[in-house]
Amino acid sequence: MKSVASAPGKVILFGEHFVVYGVKAILCAIDKRITATSQFIDERKIRVRSEIGNVELDLDISTNLDSIPSKIMKPFLHIAKETLKDHDEKRGIEIYLESEIPAGIGLGSSSAACVATTASVTGLFEKKSKEEILKKSIESERIIFEDVSGADSSISTYGGMIAYSKDGIERIESRNNLSLIIANSKQIHSTRELVLKVREFKNNNERLFAQMCEQESKLVENALSSIKETNLKNLGLLMRQNQQMLEKINVSTDKLDQLVKEASKTSYGAKITGAGGGGCIISLVDESNVSDTLDNLKKISDCFVSKIDFKGLSY
Ligand code: PMV
């Protein structure tokens, strides 16, 4: 018996970085997924196979994950190990992960993989609710990123759009779809380093930064209304304004500036998505400007069109 589950990646539409200081951020699930397929095996082992590497835990030797060199694989082993224990199951599990989401560029691939793996592995025994799967998935991510917010896992589980702040997660009811072009700068970035860089900016510019947070809060509220009305012109304008704020706090790079500039020529608006310093930009399009924008961006980057995924976890 095979248990299959898939979950989508995400982009941040508005509010990255400022969210760390209490402003709301808007996230949306994208129609690129990770699929996890699990099955029992007769050996007492947990085996994970994926395009980014393979890992094996021999349960007869040790169940300790400290010896596993690949940090990124630990949550998957943890999910399988705990599920086998909960059910007092003596067999092992093999998990196969297939991804349409490029890894390490801020599109939520690790959270999507945890959500899909949790649903797939627990599905070998019983069908759990989305709430239970989300909780277990966040627990598994916390073994490698202690202060993970849970926002990426939430959007991956429920799909659609969410407004996320320190006070919690609100689902956005609108089911109006948006088309985005996602372009990859191919520059490696570290979210942690960029968050620290912004903290330094804040510490050196306390008053200015407080004003910027206020401005960003208004921008996000305005974006929430524009999403409900599918007002693409206004959303594009707000994306441009958000990009200017991100440039001001120094998280853009020459390559990201170039991508944003190129995308802005034909789309409604474009901005960095996520931490910046590399990673991806998003630009808002519809059928009137999608091919021109794609043609422009293709000359200088790897890019693809994406729509909002309203399904979330499928299992
Ligand atoms: O790298 P991403 O796409 O997961 O985005 C990080 C978002 C930040 O606001 C920069 C950090 C955070 O923890 O919210």
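Both counts, for ligands and for their atoms, begin at 1 and track the order of listing.
Scanning the protein heavy atoms around atom 14 (O) of ligand 1, the nearest turns out to be Val19 CG1, 3.3 Å. In this structure, atom 7 (C) of ligand 1 lies nearest to the protein heavy atom Ile12 CD1, 3.8 Å. Atom 8 (C) of ligand 1 has His17 N, 3.9 Å as its closest protein atom, hydrogens excluded (heavy atom only). In terms of protein heavy-atom proximity, atom 4 (O) of ligand 1 is closest to Lys10 NZ, 3.5 Å. For atom 6 (C) of ligand 1, the nearest non-hydrogen atom of the protein is Thr191 CG2, 3.7 Å. Of the protein's non-hydrogen atoms, Val20 CG2, 4.0 Å is the one closest to atom 12 (C) of ligand 1.
Ring geometry for Phe125 against His87 counts as parallel: the plane angle stays under 30°, on a 0 to 90° scale with 60° as the upper cut. In this structure, Tyr21 and Phe209 have perpendicular ring planes: the angle between them is above 60°, well past the 30° mark.
Between Lys271 and Glu16 there is a salt bridge, since at least one side-chain N of the basic residue sits less than 4.0 Å from a carboxylate O of the acidic one. By the 4.0 Å N-to-carboxylate-O rule, Lys136 lies too far from Glu82 to be salt-bridged with it.
Remark: of the listed residues Lys90, Lys85, Arg91, Lys90 is the sole one forming a salt bridge (charged side-chain N to carboxylate O under 4.0 Å, His left out) with Asp88.
The contact set between ligand 1 and Glu16, taken as ligand atoms under 4.0 Å from a residue heavy atom, comprises 9 (O). For ligand 1, the atoms lying closer than 4.0 Å to a non-hydrogen atom of Gly106 are 3 (O).
For the pair Leu59/Leu57, a side-chain contact is recorded, criterion being any heavy-atom separation below 4.5 Å from C-beta on.
Nearest heavy-atom pair across Val251 and His17 is CG1-NE2, 3.7 Å.
Across Leu246, Val195, Val198, heavy-atom proximity to atom 11 (C) of ligand 1 is greatest for Val195.
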